[in-house]
Amino acid sequence: MLSGNAAGFLLSPANWVLRRGLWGLMLILSVAIYGSHAPLLNLCKVDGKIPFSSSSVVVLIELTKLVFSLLFLVIWDRKLLGVAVSWYHVAPFALSALLYAANNNLVVHMQLFMDPSTYQVLSNLKIVSTALLYSFFLHQRLCMRKWLALFLLTAAGVSYSCGGLQDPHDPGSPSRMQLHITLVGLLLISVYCLISGLSAVYTEAILKAQALPLSLQNLFLYFFGVLLNVTGHFWSSPEGGFLGGFSSWVLVIVVSQALNGLIMSVVMKHSSNITRLFVISCSILVNALLSVTLFDLQLTLFFFIAVLELGAAHPPGVRAGGSHVPQGVGPGGRDLGTSPLSCRGSCAHHPGAVGSGCLRGGVG
């Protein structure tokens with residue numbers, strides 16, 4: 001998203017504060033969008049059920065991201081519109097889009113073999129799978145401080161999923177939560193965590209390997225995203241029509257999730273998937289705040305345990321005054337700057353490749 005003239009402007013040392021502020025604002029906005037996703041879905045419900053086709057929403061999210069990517073390309077890199085691009089640069093994004101599409105469908109089908117609470121708890125294992133794949137495929141050795149931070153993020157997600165919120169009309173609900181999963185469900189959740197991590201790490205690798213503007217890379221990714229999800233939508237033949245059951249809240253979900261996908265592409269290009277994991281984990285704070293405000297739910301001890309674990313997982317190398325930001329964006333977005341999880345001494349630093357209920361579509 002930051003390339004061309006916009007990148008040249010932000011490269012000036014005098015604009016360091018602006019870069020820092022924009023980076024922090026972007027991450028905060030992403031935390032807010034992640035955290036508001038489930039509450040927004042609840043606001044869409046009619047008689048306790050989602051009235052629209054989830055595949056329709058995913059198609060619209062991918063289409064919105066495609067339109068925004070084209071708009072950014074016209075604004076910041078218009079000269080590239082007439083340039084021929086090799087399929088060598090385009091084809092890798094087809095696999096990325098396929099992995100995201102497979103993961104979205106797997107989320108729906110695997111819940112036939114487990115209860116929602118089990119899914120919420122075990123899905124936190126994708127933090128571990130993403131970190132392992134990130135370390136292995138991108139050759140980024142994570143120091144012990146990072147692994148401890150990631151373990152605390154996983155523990156915070158599990159704690160919150162186990163009963164961070166409580167219905168005041170059913171005060172014993174968290175303590176009575178019983179987890180149930182079949183052998184097939186256990187296999188599917190393992191595949192889900194693997195694909196989730198693989199799709200994120202693979203996408204990061206592509207974005208950083210190519211000397212192309214991010215807006216052009218997003219255009220490739222979301223073209224395939226639209227193509228695959230449109231095919232999947234009409235293959236499944238959902239009832240009620242493409243826009244059946246839509247409301248103004250659905251529009252908010254589409255726009256917010258599209259915006260978050262674009263933000264996450266910036267994070268993957270200029271920081272890492274480790275930063276993305278911290279953003280996702282911190283979103284439980286927003287989720288709790290909105291749930292208490294909108295649905296009159298109450299916070300439990302599990303929530304405060306999760307908050308303590310998140311606080312203890314404060315990114316190593318980040319001062320209390322704020323997080324590090326990318327030092328700059330070179331031609332094509334190649335200069336990736338500094339990770340918010342930079343470790344000193346025991347952790348190798350690789351210049352240019354730092355550390356990095358589902359209606360979300362591709363990236364994000």
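Reckoned from all heavy atoms, side chains included, excluding hydrogens, waters and symmetry mates. On a predicted model such as this, the values are computed, not experimentally measured, just so you know.
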(request) Give the C-alpha distance, both sets of side-chain angles, the deciding distance and a yes or no for side chain to side chain donor-acceptor pair (under 3.5 Å) between S265 and N218. (result) CA-CA 8 Å; S265 68; N218 280 337; 3.2 Å; yes

Single-linkage hydrophobic cluster [X]~[Y], side-chain heavy atoms < 4.5 angstrom:
| X | Y | value |
| --- | --- | --- |
| V255 | I33 | no |
| V74 | L216 | yes |
| L243 | L63 | yes |

Close side-chain approach of [X] to [Y], heavy-atom, < 4.5 Å:
| X | Y | answer |
| --- | --- | --- |
| H233 | F242 | yes |
| F151 | E309 | no |
| V90 | F224 | yes |
| L187 | L183 | no |
| T203 | M268 | yes |

Where [X] and [Y] come nearest, the two heavy atoms and their spacing:
| X | Y | result |
| --- | --- | --- |
| V121 | C162 | CG2-SG, 4.0 Å |
| L228 | A94 | CD1-O, 4.3 Å |
| F278 | A313 | CE2-O, 2.7 Å |
| F223 | L66 | N-CD1, 3.7 Å |
| S36 | V286 | N-CG1, 4.2 Å |
| P39 | N287 | CD-ND2, 3.5 Å |

Neighbour count >12 (heavy atoms, 6.0 Å) for atom [atom1], [X]:
| X | atom1 | value |
| --- | --- | --- |
| F136 | CZ | no |
| L112 | CG | yes |
| F68 | CZ | no |

(message) As a quick check of understanding, evaluate side chain to side chain donor-acceptor pair (under 3.5 Å) for N103 and S199, giving each step before the final call.
(response) CA-CA 9 Å; N103 219 37; S199 59; 5.0 Å; no

(request) For L27 and T275, run side chain to side chain contact (heavy atoms under 4.5 Å, CB included): C-alpha distance rounded to whole Å, both residues' side-chain angles, the deciding distance at 0.1 Å, then the answer. (result) CA-CA 9 Å; L27 295 183; T275 304; 4.2 Å; yes

(request) Going by the side chain to side chain contact (heavy atoms under 4.5 Å, CB included) test, name the single residue among H270, K269, M264 that passes it with V266. (result) H270

(message) Just to verify, which of L142, L132, V128 counts as forming a side chain to side chain contact (heavy atoms under 4.5 Å, CB included) with L150?
(response) L142

(request) Could you please spell out the steps behind the side chain to side chain contact (heavy atoms under 4.5 Å, CB included) verdict for L95 and Y100? (result) CA-CA 9 Å; L95 178 57; Y100 282 118; over 6 Å; no

(message) For P92, is there any backbone N or O sitting under 3.5 Å from a side-chain donor or acceptor partner on Y202?
(response) yes

(message) Has N229 got a side-chain atom pairing as donor or acceptor with G225's backbone, closer than 3.5 angstrom?
(response) yes

Using 0.5 Å steps for rounding, measure from the [atom1] atom of [X] to the [atom2] atom of [Y].
| X | Y | atom1 | atom2 | value |
| --- | --- | --- | --- | --- |
| L289 | L299 | CG | CG | 9.0 Å |
| L125 | L194 | CG | CG | 12.5 Å |
| F303 | L301 | CZ | CG | 11.5 Å |
| S96 | F220 | OG | CZ | 13.5 Å |
| S30 | N260 | OG | CG | 3.5 Å |

